[in-house]
Amino acid sequence: KDALCVHLTYVPYLAAAGELKTKPTQHSVRELQAMGISPNIIVLRADGPVGNDIKRKISMFCNVKPDCVIENLTIPYLYEAPLMLEQANFSAVVCRELGLDAPEPDLAEWSDMVTRIKTREKEVHIGLVGKYVQLHDAYLSVAEAMRHAGYTLNTHIRIHWIDSETLTEANAGETLGSLDGIIVPGGFGGRGIEGMIVAVQYAREHHVPFFGICLGMQIMVIEYARQAGLRDANSGEFDAATPNKVIDFMPGQSNNIDKGGTLRLGAYPCRIQPGTTMARCYGTELISERHRHRYEFNNDYRDIMQAAGLTLSGLSPDGSLVETVELSDRPFFVGVQYHPEFKSRPNRAHPLFRGFIAAALEKAETR
């Protein structure tokens, strides 16, 4: 065979009747068959065990083999799903139906990871300061990357979702005072920017581990420039009239063409400066990370910012673009122009997220 149809369907439970209902599954399969599609495997999404009687019923009425009806149950941790499906013999059934002769999967590393997830003992409280926090999925990859680091460091990550539009100098202490770390992720547009600047200022003044990603790095540069004496420092994206655009378009870019045409997209190399937090986290000199942004660190302000104490810890290999900045005298105070969350994996946490959570954990343990 050169094709396999796996049909995922939900089996609802009616509490009033005290039973699972198979009719929705039967009807959905009938609709597929009417279009000339016959499922080989039916995966039953359910909140609790389905039971052999239900599986035999679906097998008979949907014309699939009995062992081709597979449970996919609600579980506490998403990363248990591969282990659950393997216990249901899913991979063996797929290989058999495709006529593949494949060895049994080795899930030892994955199983060890799930065990670490379930047995975490420590915890840190991280403030995620953004403008889209009402919809947590807007920052899903960032939240998951922090959790990946937590799996490695035996730590639960308690995320505090902070709307940057409501954050001010007056309430910063109350809102941020109990946090072990602060992260400002990516975004576009000027809404909520001043609240993000307040968050960076609080982290800097109170020695709270800080991680700025894409827009977060730009906010870090703006805040540092203002405290260094450039009170009107801003980004050209937020204030085109400011005389001190520490973040701006670089030569070769243009705001007179379609927005998408100005984005720097995809993987770009970065050369890390030795002796920096970046170097300690990565353990290598040359890295490659994925970008999705439009504005850059304005090279006209390199000397001013470095004289004020900001470390330009990562540059493009030709030295033309500033990719990362940091305060190297802190355990972790880093801003990166790229998106490291895109490369984090549950069994292989990204080194920057691991470094950030490790610094937050150190702060938590000193409370």
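- Under a cut-off of 6.0 angstrom, the local environment of CD in Gln33 is crowded, with over 12 non-hydrogen atoms contributed by other residues, nucleotides or ligands.
- A 4.5 Å side-chain heavy-atom check between Thr175 and Tyr202 finds every atom pair outside the cut-off.
- Closest heavy-atom contact between Phe353 and Ala149: O-CB, 3.5 Å.
- With 3.5 Å as the limit, one finds a donor-acceptor pair spanning the side chains of Ser313 and Glu326.
- Using a distance-only test at 3.5 Å, with no hydrogens or angles considered, no donor-acceptor pair links the side chain of Thr155 to the main chain of Gly150.
- Of all heavy-atom pairs between Arg120 and His156, the closest is O-NE2, 3.3 Å.
- Counting non-hydrogen atoms of other residues, nucleotides and ligands closer than 6.0 Å to CG of Asp318 gives a total above 12.
- Between Ala279 and Pro274, the shortest heavy-atom distance links the atoms CB-CA, 4.3 Å.
- Checked against a 6.0 Å centroid threshold, the rings of His125 and His160 count as neighbours.
- Gln227 and Glu223 form no side-chain donor-acceptor contact under 3.5 Å, judged by distance and modelled atom types alone.
- Looking only at distances, no side-chain donor or acceptor of Ser164 sits under 3.5 Å from a matching main-chain atom of Gly195.
- Side-chain contact check for Asp47 and Tyr10: at least one donor-acceptor pair (N or O, by modelled atom type) lies under 3.5 Å.
- Across every non-hydrogen atom of Trp161 and Ala143, the tightest pair is CH2-CB, 4.2 Å.
- Hydrophobic cluster membership differs between Leu286 and Val322, with clusters built from Ile, Leu, Val, Met, Phe, Trp and Tyr side chains linked at under 4.5 angstrom.
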Test side-chain contact (heavy atoms from CB on, under 4.5 Å) on Ile183 and Val129; report intermediate values, then the result. CA-CA 6 Å; Ile183 187 167; Val129 183; over 6 Å; no

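- For the 3.5 Å distance criterion, the side chains of Ser344 and Glu144 fail to qualify, holding no donor opposite an acceptor.
- For the atom pair OH of Tyr295 and NZ of Lys245, the computed distance is 8.5 Å after rounding to the nearest 0.5 Å.
- The pair Glu71-Arg45 does not count as a salt bridge, with every side-chain nitrogen at least 4.0 angstrom from each carboxylate oxygen.
- At a threshold of 4.5 Å between non-hydrogen side-chain atoms, the residues Ile126 and Met146 count as touching.
- In terms of hydrophobic clustering, with Ile, Leu, Val, Met, Phe, Trp and Tyr side chains grouped at heavy-atom distances under 4.5 Å, Val93 and Leu83 are assigned to different clusters.
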Start with the C-alpha distance between Met220 and Val325, add both sets of side-chain angles, then the distance that settles side-chain contact (heavy atoms from CB on, under 4.5 Å), and finish with yes or no. CA-CA 9 Å; Met220 177 178 165; Val325 298; 4.0 Å; yes

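- One hydrophobic cluster, built from ILVMFWY side chains closer than 4.5 Å, cannot hold both Val336 and Leu315; they sit in different ones.
- No side-chain N or O of Thr276 forms a donor-acceptor pair with one of Ser328 less than 3.5 Å apart.
- With rounding to the nearest 0.5 Å, the separation of CG in Leu32 from OG1 in Thr9 is 9.5 Å.
- For Phe211 and Phe332, the ring centers are positioned less than 6.0 Å apart.
- Residues Asn298 and Ile247 fail the side-chain proximity criterion, which asks for heavy atoms closer than 4.5 Å.
- No donor-acceptor contact under 3.5 angstrom links the side chains of Thr242 and Asn244, judged on distance only.
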Would you sort out whether Thr277 and Arg280 count as a side chain to side chain donor-acceptor pair (under 3.5 Å), showing the intermediate values? CA-CA 5 Å; Thr277 302; Arg280 290 193 297 273; 2.9 Å; yes

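- Annotation: side chain of Leu128 is in contact with side chain of Val142 (closest heavy-atom distance under 4.5 Å).
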Dump the intermediate steps for side-chain contact (heavy atoms from CB on, under 4.5 Å) on Val246 and Ser235, then the final yes or no. CA-CA 6 Å; Val246 292; Ser235 166; over 6 Å; no

Intermediate values then yes/no, side chain to side chain donor-acceptor pair (under 3.5 Å), Ser316 and Glu323: CA-CA 7 Å; Ser316 58; Glu323 303 284 25; 5.3 Å; no

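- Around the CD atom of Glu205, the shell of radius 6.0 Å holds more than 12 heavy atoms that belong to other residues, nucleotides or ligands.
- Glu237 has its side chain out of reach of Asp248: every pair of non-hydrogen atoms, C-beta onward, lies at least 4.5 Å apart.
- In terms of heavy atoms, His7 sits closest to Ser28 at NE2-OG, 2.9 Å.
- Under a 4.0 Å N-O distance rule, the pair Glu285/Arg271 qualifies as a salt bridge.
- Leu8 and Val94 fall within a single hydrophobic cluster, where Ile, Leu, Val, Met, Phe, Trp and Tyr are joined by side-chain heavy atoms under 4.5 Å apart, directly or via other members.
- Looking at Glu289 and Lys343, their side chains come closer than 4.5 Å, going by heavy atoms from C-beta outward.
- Side-chain contact between Ile41 and Cys5: absent, with no pair of heavy atoms (C-beta onward) separated by less than 4.5 Å.
- Between Tyr282 and His350, the distance from one ring center to the other falls under 6.0 angstrom.
- The structure places CE of Met113 at 11.5 Å from CZ of Arg348, a figure rounded to the nearest 0.5 Å.
- Expressed to the nearest 0.5 Å, how far NE2 of His293 lies from CG of Leu215 amounts to 11.5 Å.
- Atom CD of Glu365 is surrounded by more than 12 heavy atoms from other residues, nucleotides or ligands within 6.0 Å.
- The environment of CG in Asn89 is crowded: more than 12 heavy-atom neighbours from other residues, nucleotides or ligands sit within 6.0 Å.
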Worked verdict on Glu123 versus Arg147 for salt bridge (Lys or Arg N to Asp or Glu O under 4.0 Å): CA-CA 11 Å; Glu123 73 172 23; Arg147 294 185 182 111; over 6 Å; no

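- Arg226 and Glu194 are joined by a salt bridge, as a carboxylate oxygen and a charged side-chain nitrogen come within less than 4.0 angstrom of each other.
- For Arg264 and Tyr268, the positive end sits near the middle of the six-membered ring, less than 6.0 Å away and at most 45° from its axis.
- For the pair Lys118 and Glu80, the salt-bridge criterion is met [side-chain N within less than 4.0 Å of a carboxylate O].
- Taken to the nearest 0.5 Å, the CG atom of Asn40 stands 8.0 Å off from the CG atom of Leu98.
- Checking His148 against Tyr79 by side-chain atom types alone, a donor-acceptor pair falls below 3.5 Å.
- In the hydrophobic clustering of this structure, Leu312 does not group with Met278; members are Ile, Leu, Val, Met, Phe, Trp, Tyr whose side-chain heavy atoms approach within less than 4.5 Å, directly or through other members.
- More than 12 heavy atoms of other residues, nucleotides or ligands shown are found within 6.0 angstrom of NZ on Lys363.
- Within a 6.0 Å radius of CZ in Arg292, no more than 12 heavy atoms belonging to other residues, nucleotides or ligands are found.
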Go through the steps to decide whether Asn52 and Arg56 satisfy the test side-chain contact (heavy atoms from CB on, under 4.5 Å), and finish with yes or no. CA-CA 6 Å; Asn52 291 328; Arg56 279 194 294 267; 3.7 Å; yes

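- Remark: side-chain polar atoms of Thr115 are paired, donor with acceptor, to backbone N or O of Ser111 under 3.5 angstrom.
- Heavy atoms of other residues, nucleotides or ligands lying less than 6.0 angstrom from CD of Glu174 number 12 at most.
- Looking at Ile70 and Ile42, their side chains never come closer than 4.5 Å, going by heavy atoms from C-beta outward.
- Leu153 CG to Glu121 CD: the interatomic distance, rounded to the nearest 0.5 Å, is 13.0 Å.
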